[in-house]
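Reviewing the structure listed below.
Since the model is a prediction, treat every value here as computed from it, not as a measurement. In each ligand, atom 1 is the first atom listed, and ligand 1 is the first ligand listed.
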Amino acid sequence: MKLFIINGPNLNMLGIREPDIYGKLTLKDIESKIKLHCVENHIDVEFYQSNHEGDIVDIIQSAYQKADGIIINPAAYTHTSVAILDALKAVNIDTVEVHLSDVNSREDFRKISYVSSFAKKVISGKGAEGYIEAVDFFVK
Ligand code: CA2
C-alpha cells in the first residue's frame with residue numbers, strides 16, 4: 001500500500017501564524033506524525049506540498065499507477081479548482097480530502113469543495129488527527 005499525501009497553498013506556513021484556526025504544529029510535525037502511523041501500519045508514504053495549482057495537478061498525475069491512495073488537503077484550491085478535481089478523476093485513485101479546520105462552520109465560500117464530489121471521504125475540523133484518520137481509511 002502506497003499513499004501520496006498532498007498539501008496545498010500556504011500549508012507550509014503552519015505553526016507560524018493563525019494557530020487558533022490551524023493549530024500549533026508545523027507541516028513537518030504533521031508529516032512526522034503521519035509517517036510514524038504509516039510505518040506502524042506497513043504503509044509506504046510520500047509527502048508533497050505546493051503553493052501552485054499546476055504543480056498539484058502534476059503531483060496527482062504522477063500518482064497514476066504508483067499510488068494506491070491519495071490524501072489531499074487542497075487548502076484554498078479546495079474552493080476553486082476544477083483542475084485538481086479533473087486530475088483526481090483522471091488518475092481515478094481512491095482519495096480522502098482533509099481539512100484542519102471545520103470548513104463548514106467558517107465563511108460560506110469554504111463550504112464549497114470541488115474535490116468533495118470525487119473524494120471517498122471528507123475529514124474536517126480534526127486538526128492533524130484528521131490525516132491519521134485518513135490513513136486509517138486505507139488501513140481498514
Ligand atoms: O482547514 C484547512 O485545512 C484548509 O484547507 C486550510 C486552507 C483554507 O483556505 C481552507 O479553507 C481550509 C488555508 C491554509 C492556510 O494555512 C495557513 C497556515 C499558517 C498561517 C496562515 C495560513
Side-chain angles (χ1 to χ4, degrees):
M1 167 71 67
K2 186 181 188 81
L3 297 180
F4 272 34
I5 316 269
I6 305 169
N7 281 293
N10 296 306
L11 289 164
N12 56 316
M13 300 290 281
L14 284 175
I16 298 168
R17 287 190 54 242
E18 302 196 67
D20 44 323
I21 304 175
Y22 300 118
K24 288 182 186 159
L25 299 182
T26 65
L27 185 58
K28 283 275 159 279
D29 293 335
I30 293 173
E31 288 176 348
S32 297
K33 274 168 77 85
I34 299 168
K35 175 76 184 171
L36 183 64
H37 191 66
C38 285
V39 167
E40 285 167 358
N41 287 283
H42 314 287
I43 291 171
D44 192 6
V45 65
E46 284 186 19
F47 296 100
Y48 301 91
Q49 189 276 331
S50 177
N51 294 323
H52 306 281
E53 186 175 21
D55 285 351
I56 295 171
V57 169
D58 288 343
I59 293 161
I60 292 167
Q61 288 185 8
S62 76
Y64 184 62
Q65 292 184 333
K66 202 168 155 201
D68 306 296
I70 293 174
I71 295 171
I72 185 164
N73 182 346
Y77 291 138
T78 305
H79 319 299
T80 62
S81 183
V82 177
I84 289 175
L85 170 63
D86 285 347
L88 290 168
K89 283 182 167 175
V91 298
N92 196 26
I93 297 167
D94 284 355
T95 296
V96 177
E97 177 183 348
V98 173
H99 298 285
L100 294 158
S101 65
D102 180 4
V103 282
N104 289 313
S105 65
R106 299 181 65 192
E107 302 97 323
D108 281 349
F109 69 84
R110 294 188 204 274
K111 294 175 184 151
I112 297 157
S113 167
Y114 287 91
V115 172
S116 289
S117 68
F118 179 77
K120 294 265 185 246
K121 187 172 180 170
V122 181
I123 300 165
S124 173
K126 296 187 174 176
E129 266 319 294
Y131 291 90
I132 302 297
E133 197 176 311
V135 170
D136 286 343
F137 172 86
F138 292 101
V139 175
K140 287 152 202 167

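- Under the 3.5 Å distance criterion, the side-chain polar atoms of N73 are left unmatched by any main-chain donor or acceptor of N7.
- Between H42 and M1 there is no side-chain heavy-atom pair separated by less than 4.5 Å.
- Within the set T26, L100, L27, the minimum heavy-atom distance to atom 2 (C) of ligand 1 is found for L100.
- Under the 4.0 angstrom criterion for non-hydrogen atoms, V103 is in contact with ligand 1.
- Set against the non-hydrogen atoms of H79, the atoms of ligand 1 under 4.0 Å away are 10 (C), 11 (O).
- Ligand 1 has a nitrogen or oxygen under 3.5 angstrom from a nitrogen or oxygen of R110.
- Considering backbone and side-chain N/O atoms, G15 never comes within less than 3.5 Å of an N/O atom of ligand 1.
- Annotation: Y22 places no N or O atom under 3.5 Å from an N or O atom of ligand 1; distance criterion only.
- In terms of N/O distances under 3.5 Å, ligand 1 is not approached by T78.
- Within ligand 1, counting atoms from 1 as listed, the ones closer than 4.0 Å to a heavy atom of A76 are 9 (O).
- In this structure, N73 counts as a contact residue of ligand 1, since one of its heavy atoms falls inside 4.0 Å of the ligand.
- A donor atom on one side chain and an acceptor atom on the other are found under 3.5 Å apart for D29 and T26.
- Of the protein's non-hydrogen atoms, the one nearest atom 20 (C) of ligand 1 is R17 O, 3.4 Å.
- Closest protein heavy atom to atom 14 (C) of ligand 1: L11 CD2, 3.8 Å.
- Protein heavy atom closest to atom 21 (C) of ligand 1, with residue, atom name and distance, is E18 OE2, 3.3 Å.
- In this structure, the protein non-hydrogen atom closest to atom 19 (C) of ligand 1 is M13 O, 3.3 Å.
- What sits closest to atom 18 (C) of ligand 1 on the protein, heavy atoms only, is N10 O, 3.5 Å.
- Protein heavy atom closest to atom 4 (C) of ligand 1, with residue, atom name and distance, is H99 ND1, 3.8 Å.
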